[in-house]
2 protein chains.
Amino acid sequence: MKTSKQELERRMSHFKDVCRNAELKLTRQRLEIFREVAQTGDHPDADGVHRRVRKRIPTVSLDTVYRTLWLLKDLGLITTLGFHHNRSRFDANLVDHHHFVCIRCGSTQDFYSNEFDALRLTETLKSIGSVEAVNVEVRGVCRKCRSKRTK
Amino acid sequence: MKTSKQELERRMSHFKDVCRNAELKLTRQRLEIFREVAQTGDHPDADGVHRRVRKRIPTVSLDTVYRTLWLLKDLGLITTLGFHHNRSRFDANLVDHHHFVCIRCGSTQDFYSNEFDALRLTETLKSIGSVEAVNVEVRGVCRKCRSKRTK
DNA sequence: GTTTATGCAAAACCTTTGCATTTTG
DNA sequence: CAAAATGCAAAGGTTTTGCATAAAC
């Protein structure tokens with residue numbers, strides 16, 4: 001699901017604010033790299049971001065993409081999610097949400113659930129440590145993959 | 001939490017059954033690699049398994065450990081879980097459970113929760129695909145790390 | 001004895017780092 | 001102009017692969 005124009009603009013503007021506040025330079029690379037992650041509904045890896053940003057900035061290098069993505073993570077502008085095929089993947093959706101991961105093709109879709117968000121933390125859990133985030137990962141086979149091999 | 005003697009024996013015997021069924025050879029390496037994962041309560045990466053197995057079989061190579069771990073996964077005898085520092089981690093606990101991951105040290109602890117297991121799948125979710133497993137990942141700071149830097 | 005698994009070494013892969021050059025504020 | 005970011009190339013770390021040797025059935 002692609003990000004709406006409105007939401008994208010909100011994210012871009014927040015991104016600029018945070019950069020200015022942190023006295024970070026607003027380079028064309030940073031703008032395009034963030035826009036790419038903020039714009040897409042899937043959860044691209046560094047190489048995917050690089051490939052797409054290169055369409056706008058043909059000379060951008062993969063290491064700049066990596067440096068920028070980790071920087072964005074440090075700034076709290078994006079998060080990382082579980083790997084697939086040994087690659088980190090990035091997500092600019094900061095609203096509480098959960099993931100459906102297809103065990104065949106690895107595609108990940110966001111979904112929302114009041115019930116999942118309302119999960120109470122058990123006593124056992126509290127004794128393990130202090131909780132920062134609860135994320136539900138649902139694994140299964142997505143529609144596309146199901147229709148491919150329906151036996 | 002270490003696996004009980006009884007449970008370990010159950011796992012070993014299941015492992016042997018599955019191998020025989022698949023006409024796979026029961027080598028000393030396979031036995032010790034599986035035993036190592038089945039025995040421990042933490043969720044070691046390939047290097048960790050290799051290091052520990054080498055105590056019993058000093059000549060075992062890292063690539064055999066990898067090949068065996070992926071084989072065990074294909075056979076459904078172990079599962080992989082989210083990465084930490086770019087390393088795959090392995091888990092022989094096949095009973096429904098959830099994970100607490102420490103965002104500082106990366107240690108992962110299993111926990112059980114009837115409430116979490118009973119999560120109903122919403123309609124939205126059903127439309128995304130068929131569900132195989134629901135896993136809750138709780139991120140936070142574990143007790144050890146909390147006592148280290150209590151500011 | 002035949003088939004399969006192992007160990008070795010080298011390759012493949014993703015990610016990070018040092019440094020000269022370019023760009024931003 | 002000073003400070004910081006980029007691009008390049010090379011290194012670092014994990015995982016995979018080809019092939020001869022060794023082990024299991």
Side-chain angles (χ1 to χ4, degrees), chain A residues 15-37 43-75 77-78 80-90 106, chain B residues 15-37 43-75 77-78 80-90 106:
Chain A
F15 159 68
K16 288 173 192 165
D17 286 352
V18 171
C19 282
R20 270 191 284 268
N21 242 290
E23 298 185 334
L24 287 165
K25 296 182 175 173
L26 267 174
T27 62
R28 196 163 161 234
Q29 286 86 338
R30 281 181 181 161
L31 264 158
E32 294 301 340
I33 288 166
F34 178 74
R35 191 203 307 284
E36 202 48 61
V37 182
H43 306 79
D45 55 34
D47 192 58
V49 175
H50 184 223
R51 240 188 343 264
R52 295 186 221 171
V53 169
R54 230 179 345 187
K55 288 180 186 166
R56 299 179 173 206
I57 315 176
T59 57
V60 71
S61 67
L62 181 58
D63 51 294
T64 295
V65 172
Y66 273 109
R67 273 190 282 236
T68 305
L69 289 170
W70 296 128
L71 174 70
L72 293 170
K73 188 185 175 180
D74 281 351
L75 293 169
L77 289 162
I78 63 174
T80 49
L81 58 133
F83 294 48
H84 190 248
H85 290 320
N86 270 356
R87 292 189 185 99
S88 307
R89 303 169 71 198
F90 302 87
Chain B
F15 159 69
K16 288 174 192 166
D17 285 354
V18 171
C19 283
R20 270 190 285 267
N21 241 291
E23 297 185 337
L24 288 165
K25 294 182 176 172
L26 268 176
T27 62
R28 198 166 157 229
Q29 286 86 336
R30 282 181 180 161
L31 265 157
E32 294 301 338
I33 289 166
F34 178 74
R35 191 202 307 283
E36 201 48 60
V37 183
H43 307 80
D45 56 32
D47 192 58
V49 175
H50 183 223
R51 238 186 349 260
R52 296 186 220 170
V53 169
R54 226 175 353 182
K55 288 179 188 166
R56 299 180 174 206
I57 315 177
T59 57
V60 71
S61 67
L62 182 58
D63 51 292
T64 295
V65 171
Y66 273 109
R67 273 190 283 236
T68 304
L69 288 171
W70 296 130
L71 174 72
L72 293 170
K73 188 185 174 178
D74 282 351
L75 293 170
L77 289 163
I78 64 175
T80 50
L81 59 134
F83 293 48
H84 190 248
H85 291 321
N86 273 352
R87 293 191 184 98
S88 306
R89 303 170 70 200
F90 303 87

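Protein chains get the first letters and strands the later ones, always in sequence-line order, with residue 1 at the start of each. If you're wondering where the values come from, they're calculated on a predicted model, not measured in any experiment.
- If you measure from atom CZ of A/Arg20 to atom P of C/dT24, you get 15 Å, rounded to the nearest angstrom.
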For residues 67-74 of chain B, which side-chain donor-acceptor pairs fall under 3.5 Å, sequence neighbours excluded?
residue	atom	partner	partner atom	Å
B/Arg67	NH2	B/Asp63	OD2	2.7
B/Thr68	OG1	B/Thr64	O	2.7
B/Lys73	NZ	B/Thr80	OG1	2.9

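- For B/Arg54, there are no salt bridge (charged side-chain N to carboxylate O under 4.0 Å, His left out) partners at least two apart in sequence or on another chain.
- Partners of B/Glu32 by side chain to side chain donor-acceptor pair (under 3.5 Å), not counting sequence neighbours, listed by chain and number: B/Arg35, B/Arg56.
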Exercise for the section: Could you encode protein contacts along nucleotides 4-9 of chain C as a string, one character per nucleotide from 5' to 3', using B for base contact, S for sugar-phosphate-only contact and - for no contact, with a heavy-atom cut-off of under 4.0 Å? Expected result: BSSBBB
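- Remark: A/Arg51 engages A/Asp47 in a side chain to side chain donor-acceptor pair (under 3.5 Å) (not counting sequence neighbours).
- The CG-P distance, from A/Asp47 to C/dA12, rounds to 17 Å in whole Å.
- Between B/Leu26 and B/Arg87, the residue anchored nearer the 5' end of DNA chain D, judged by the nucleotide with its closest heavy atom, is B/Arg87.
- Whole-Å rounding puts the B/Asn86 CG to C/dT16 P distance at 7 Å.
- Between the CG atom of B/Leu69 and the C1' atom of D/dT16 there is a distance of 14 Å, rounded to whole Å.
- B/Arg87 pairs by the side-chain contact (heavy atoms from CB on, under 4.5 Å) definition with B/Asp45, B/His85, not counting sequence neighbours.
- Counting to the nearest Å, the P atom of D/dT17 and the CG atom of B/Leu62 are 14 Å from each other.
- For the pair B/Phe15 and B/Leu26, the minimum side-chain heavy-atom distance is below 4.5 Å.
- Rounding to whole angstrom units, NZ of residue A/Lys16 and P of C/dT24 are separated by 14 Å.
- Between the CZ atom of A/Arg28 and the P atom of C/dG25 there is a distance of 14 Å, given to the nearest Å.
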